[in-house]
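Throughout, protein chains are lettered first and strands after them, A, B, ... in sequence-line order, and every chain is numbered starting at 1.
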Amino acid sequence: MLNLSRSIENKLRAALEKLYPELAESSENGEISLDPQVVQASKPEFGDFQVNVAMALAKPLKKSPREIAMEIVKELEKDKSFFSFCKTPVIAGPGFINLTIREDCLATEIRNRIGDSRLGIPLVEGKESKDQSTSVVLDFSSPNIAKEMHVGHLRSTIIGDSLARTLEFRGYRVLRLNHVGDWGTQFGMLITYLKKVAPDSLHMAKAFDLGDLVKFYREAKQCFDSDDEFQTASREEVVKLQSGEQSSIKAWKLLCEQSRIEFQNIYDRLDIRIQERGESFYNPYLQEVVDDLDSLGLLVSDEGAKCVFLDGVIGKNGKALPLIVQKSDGGFNYATTDLAAIRYRFTCASKGDCASRVIYVTDAGQANHFAGVFQVAQRAGWVPLGGRLEHVPFGLVQGEDGKKLKTRSGETVRLRDLLDEAVARAEMDLRKRLKEEGRQEDESFIKKVTTTIGLAAVKYADLSQNRITNYQFSFDKMLSLQGNTAPYLLYALVRIAGIARKGGDLDTRMDQLRFTEPQEWNLVRGLLKLDSVIVDVEEELLPNRLCAYLFELSQLFNRFYDQVPILKAEAPDRSSRLALCRLTADTLRLGLGLLGIPTLERM
RNA sequence: GGGGCUGUAGCUCAGCUGGAUAGAGCGACGGUUUCCUAAACCGUAGGUCGUGGGUUCGAGUCCCGCCAGCCCCGCCA
């Protein structure tokens, strides 16, 4: 109902300007806001929208809020077109103006959405031109080469993918970038170690798989931490790598290739599309970044390291905190890479991505780091006017004990194991159910359903929580058949598919819609809220808002399904109700699609 | 010591630019199947929104102090 809320807002604005021209004037210099404060009604009994402006104007106008509300309503009513979509406004409480949309208007809105592939959600303006104003860089997932993807990558991967899908649906050109850790000290370490224990592996393709690599990594790390000589050799190896020494580069490429295969396996399972562009991509730009910072006068040498001192961030010793961009040994670090990436991503023409919005989906622990990097990028002038640079932080994945999620033996949980277990548990649930209900299903059905449910459960559980807080991971809860879970939403769709199988034609074009029952109207109103939810997610980058909406919609549908006969109803109720079923199914499918979750006909 | 995030029902969490009597789900208790998948629906109980101030017509929401938990704080990412 975005279009309606906008119309209402415009009409109110006009009314306010006419009624209180003196306030309109002072609103221009920001003293008083003439924002009509139109919001969705906080409760169904208050109608569809409520206007909260009367209370705010009471003081400047020196009148009672109810009196002001009355004046506003009177002015609104002069405009006959207002009544084409709105019922008579009601003043309530201290001075709220409650607005209810006319039922014929709601029915028209529903009719317009049926059969519309976008379900009434507008494309972002200017999407036809692939210019800067519509291009978004989304940096997510970003595992480290030579390590396996583990539970720590879960949230970034799932949240990032969902945000990408939402922005793409709105019409943005989205660059999904996997900023993999494919550079830096860890490789020096690993290559040094491999040279020592398995020199052949460094020039042979597929000499080992990722499992070995992980083991080697662990051992290399141990040497690095305990052996000074090894540490020095590793650092030298990094320098060789950075200077492009042939044998080092070759070894590095082999390592990357091996990891890539394993990552892709996970992405395929989760149906996630992402383009790899690791840290190493920015190597050619690192020196430029430092030089530019220098010529801008931002660079300071301190204890041999080149840094930029941050404004407003005080360190331990009372001095400003530095952001180190070049280490005393001449090497660059992640801050340098991140700065180079920001510069590249905002740059237009052939030397960059020409983005207008750059989004990082990483854990909240990196908030300080990004705040520092963003500040330096701003001060260096690398963020264009109107360009948005955003860190989308999320909390830790915890076990049910409230501590960091670990396996029983205390190790980090591998992502593939976690997904396997979700699917295995979904399979146990389904087989139990089939047995209880005496149903017969073939193995391919069971496999498809349990894979879908298991992966959906993992994704949905993560997305449905406000990402900023830590998240308590529980297979039992996410796979539960009740509550705000993926199975609950999928079940609503299965019910609709059941109606279609039993002879309900969902595809007819409905010209006449007639709704009589309160459950129908509740569902209608729910369906029409989709657009504002999507736009909200686009702006706030909070997928849990979409989840909450889909859950509420499923509840509305289940009540409707439970209390209102559909197939047994007579015309025109029958076709009207089938139309609601169809639009509900399309809405749930679209919404779940934006979460990266496929749907089922039967389960 | 400095900074960030969090603190809402027994548990897990929502709460959108400040707005009407703070909402879900789970768990507990009690109902509903001649009907489209009961993996559902309906009802009951349960809260001094960590705490103390302040701003405001109005504060879970904004500001300040304090308490608790987690995370970060110069050459790892």
Side-chain angles (χ1 to χ4, degrees), chain A residues 33 35 37 39-43 46 50 52 55-56 58-59 64-65 92-96 98 142 144 181 183-186 279 302-307 312-318 321-329 331-335 337-338 362-369 371-372 393 395-396 398 400 402 404 429-430 433 437 439 464-466 468-472 474 476-477 480-485 487-488 490-492 494-504 532-533 536 539-540 542 544-545 547-548 551-552 555 558-559 561-563 565-568 581 602-603:
Chain A
S33 169
D35 178 356
Q37 300 189 38
V39 296
Q40 271 181 22
S42 55
K43 291 189 172 189
F46 300 149
Q50 63 184 59
N52 298 335
M55 279 83 73
K59 206 170 189 184
S64 82
F96 297 100
N98 291 335
S142 307
N144 285 322
W183 206 247
T185 320
Q186 65 213 22
E279 295 171 348
D302 195 72
E303 294 173 31
K306 295 190 174 152
C307 15
V313 187
I314 311 297
K316 276 180 195 160
N317 50 12
L321 204 71
L323 185 78
I324 294 178
V325 294
Q326 189 162 20
K327 300 186 281 188
S328 50
D329 67 3
F332 303 110
N333 61 9
Y334 65 116
T337 308
D338 281 340
T362 79
D363 69 280
Q366 297 189 52
N368 289 341
H369 163 69
L396 260 53
Q398 300 174 320
E400 288 181 80
K404 200 172 167 187
D429 287 348
L430 180 64
R433 181 167 304 278
E437 295 173 2
R439 277 168 65 189
S464 59
Q465 191 129 149
N466 186 325
I468 194 72
T469 50
N470 290 345
Y471 150 53
Q472 216 169 87
S474 160
D476 287 335
K477 279 184 183 146
S480 162
L481 315 167
Q482 294 127 357
N484 187 5
T485 64
Y488 181 87
L490 291 173
Y491 178 61
V494 163
R495 283 183 140 180
I496 298 171
I499 291 170
R501 273 197 304 279
K502 290 282 165 72
S532 66
V533 173
D536 186 43
E539 187 57 31
E540 306 292 330
L542 289 171
N544 66 304
R545 298 257 169 90
C547 295
F551 175 58
E552 280 157 27
Q555 285 183 309
N558 277 328
R559 277 173 209 145
Y561 177 94
D562 199 62
Q563 293 159 29
I566 300 164
L567 290 177
K568 292 199 167 170
C581 288
R602 294 195 306 122
M603 61 192 267

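- As a whole-Å value, the separation of I499(A) CD1 from C35(B) P is 15 Å.
- Within 4.0 Å of R545(A), counting heavy atoms only, lie sugar-phosphate atoms of the nucleic acid but no base atom.
- Within 3.5 Å, no donor on the side chain of N558(A) pairs with an acceptor on the base of A38(B), nor the reverse.
- Checked by atom type and distance alone, the side chain of D302(A) never pairs as donor or acceptor with a backbone atom of C307(A) at under 3.5 Å.
- Counting all heavy atoms, side chain and backbone alike, R433(A) lies closest to L481(A) at NH2-CD1, 2.6 Å.
- Closest approach of P393(A) to I468(A), counting heavy atoms only: CG-CD1, 3.4 Å.
- Rounding to the nearest 0.5 angstrom, the gap separating the CZ atom in R495(A) from the CE atom in M603(A) is 11.0 Å.
- Contacts of S42(A) with the nucleic acid, taken as non-hydrogen atoms under 4.0 Å apart, include base atoms.
- Using a 90° window around 0 for the glycosidic torsion, U33(B) falls inside it and is classed as syn.
- Going from the P atom of G3(B) to that of U17(B) covers 26 Å, rounded to whole Å.
- When all heavy atoms of M55(A) and F96(A) are compared, the pair lying nearest together is CE-CE2, 3.5 Å.
- Stacking of F96(A) onto the six-membered ring of A20(B) is present: less than 5.5 angstrom between centres, less than 30° between planes.
- Here Y561(A) does not pack flat against the base of A40(B), since the 5.5 angstrom centre distance and 30 degree tilt limits are not both met.
- Going from atom CD of Q563(A) over to atom P of C36(B) covers 17 Å, rounded to whole Å.
- C35(B) and A45(B): their C1' atoms are spaced 32 Å apart (whole Å).
- Look at the P atom in both G69(B) and G60(B): the space between them is 26 Å, to the nearest Å.
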(Q) For nucleotides 23-34 of chain B, give me one character per nucleotide, 5' to 3': B if any protein heavy atom sits under 4.0 Å from the base, S if the only such contacts are to the sugar-phosphate, - if neither. (A) SSSS--------
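- To the nearest angstrom, C1' of A14(B) lies 16 Å from OH of Y471(A).
- K568(A) approaches P565(A) most closely through the heavy-atom pair CB-CB, 4.4 Å.
- N558(A) and Y491(A) share no side-chain donor-acceptor pair at under 3.5 Å.
- When all heavy atoms of G372(A) and L323(A) are compared, the pair lying nearest together is O-CD2, 4.2 Å.
- C73(B) and C64(B) have their P atoms separated by 25 Å, with the value rounded to a whole Å.
- Atom C1' of G10(B) sits at a distance of 9 Å from the matching atom of G46(B), rounded to the whole Å.
- To the nearest angstrom, P of A39(B) lies 16 Å from CD1 of I496(A).
- If you measure from atom CD of E437(A) to atom P of A38(B), you get 10 Å, rounded to the nearest angstrom.
- Rounded to whole angstrom, the span from the CD atom of E539(A) across to the C1' atom of C16(B) amounts to 11 Å.
- Distance I468(A) CD1 to A14(B) C1': 15 Å, rounded to the nearest Å.
- To the nearest 0.5 angstrom, E400(A) atom CD is 6.0 Å from K477(A) atom NZ.
- Looking at which nucleotide of RNA chain B each of A548(A) and N52(A) is closest to, the 5′-most match is held by A548(A).
- Nucleic acid contact for A92(A): base, since at least one base atom lies under 4.0 Å from a heavy atom of the residue.
- A 4.5 Å side-chain heavy-atom check between Q50(A) and N98(A) finds at least one atom pair inside the cut-off.
- In this structure the side chain of F332(A) never reaches within 4.5 angstrom of the side chain of V325(A), judged on heavy atoms.
- Atom C1' of A38(B) sits at a distance of 7 Å from the matching atom of U33(B), rounded to the whole Å.
- Rounded to the nearest 0.5 angstrom, L430(A) CG and R439(A) CZ are separated by 6.5 Å.
- Among the heavy atoms of the strands, none lies under 4.0 Å from D476(A).
- Atom CD in Q472(A) sits about 9 Å away from atom C1' in C11(B), given to the nearest Å.
- Counting only distance, with no hydrogens or angles, the side chain of S464(A) and the backbone of C547(A) share no donor-acceptor pair below 3.5 Å.
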Q: Sugar-phosphate atoms are those with a prime plus P, OP1 and OP2; base atoms are the rest. Using that split, label each nucleotide of nucleotides 71-77 of chain B B, S or - for protein heavy atoms under 4.0 Å, 5' to 3'.
A: SBSBBSB
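- When base pairs are accepted only as Watson-Crick or G-U wobble with both N-N or N-O distances under 3.5 Å, RNA chain B takes part in stems of 3 or more pairs at B:1-7 with B:67-73, B:10-13 with B:23-26, B:28-32 with B:40-44, B:50-54 with B:62-66.
- In terms of heavy atoms, E279(A) sits closest to W183(A) at OE1-O, 3.6 Å.
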Q: Take I566(A) and C581(A), measure what side-chain contact (heavy atoms from CB on, under 4.5 Å) needs, and give me the verdict at the end.
A: CA-CA 9 Å; I566(A) 300 164; C581(A) 288; 3.8 Å; yes
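- When the P atom is compared between C57(B) and C72(B), the two are found 44 Å apart, to the nearest whole Å.
- Residues L567(A) and Y488(A) both approach RNA chain B. Their nearest nucleotides, taken by heavy-atom distance, put L567(A) toward the 5′ side.
- Residue N466(A) has a polar side-chain atom (N or O) positioned under 4.0 Å from OP1 or OP2 of G15(B).
- In this structure, K404(A) does not reach the C70(B) phosphate: none of its side-chain N or O atoms is under 4.0 Å from OP1 or OP2.
- Heavy atoms of V39(A) sit under 4.0 angstrom from at least one base atom.
- For the OP1/OP2 pair of C57(B) and a distance below 4.0 Å, the side-chain nitrogens and oxygens of S64(A) include no atom meeting the criterion.
- To the nearest whole angstrom, the two P atoms, one in U51(B) and one in U61(B), are 11 Å apart.
- Among the protein residues, K306(A) comes within range of no part of the nucleic acid, since none of its heavy atoms lies under 4.0 Å from any strand.
- Here R495(A) reaches the OP1 or OP2 of A38(B): one of its side-chain N or O atoms lies under 4.0 Å away.
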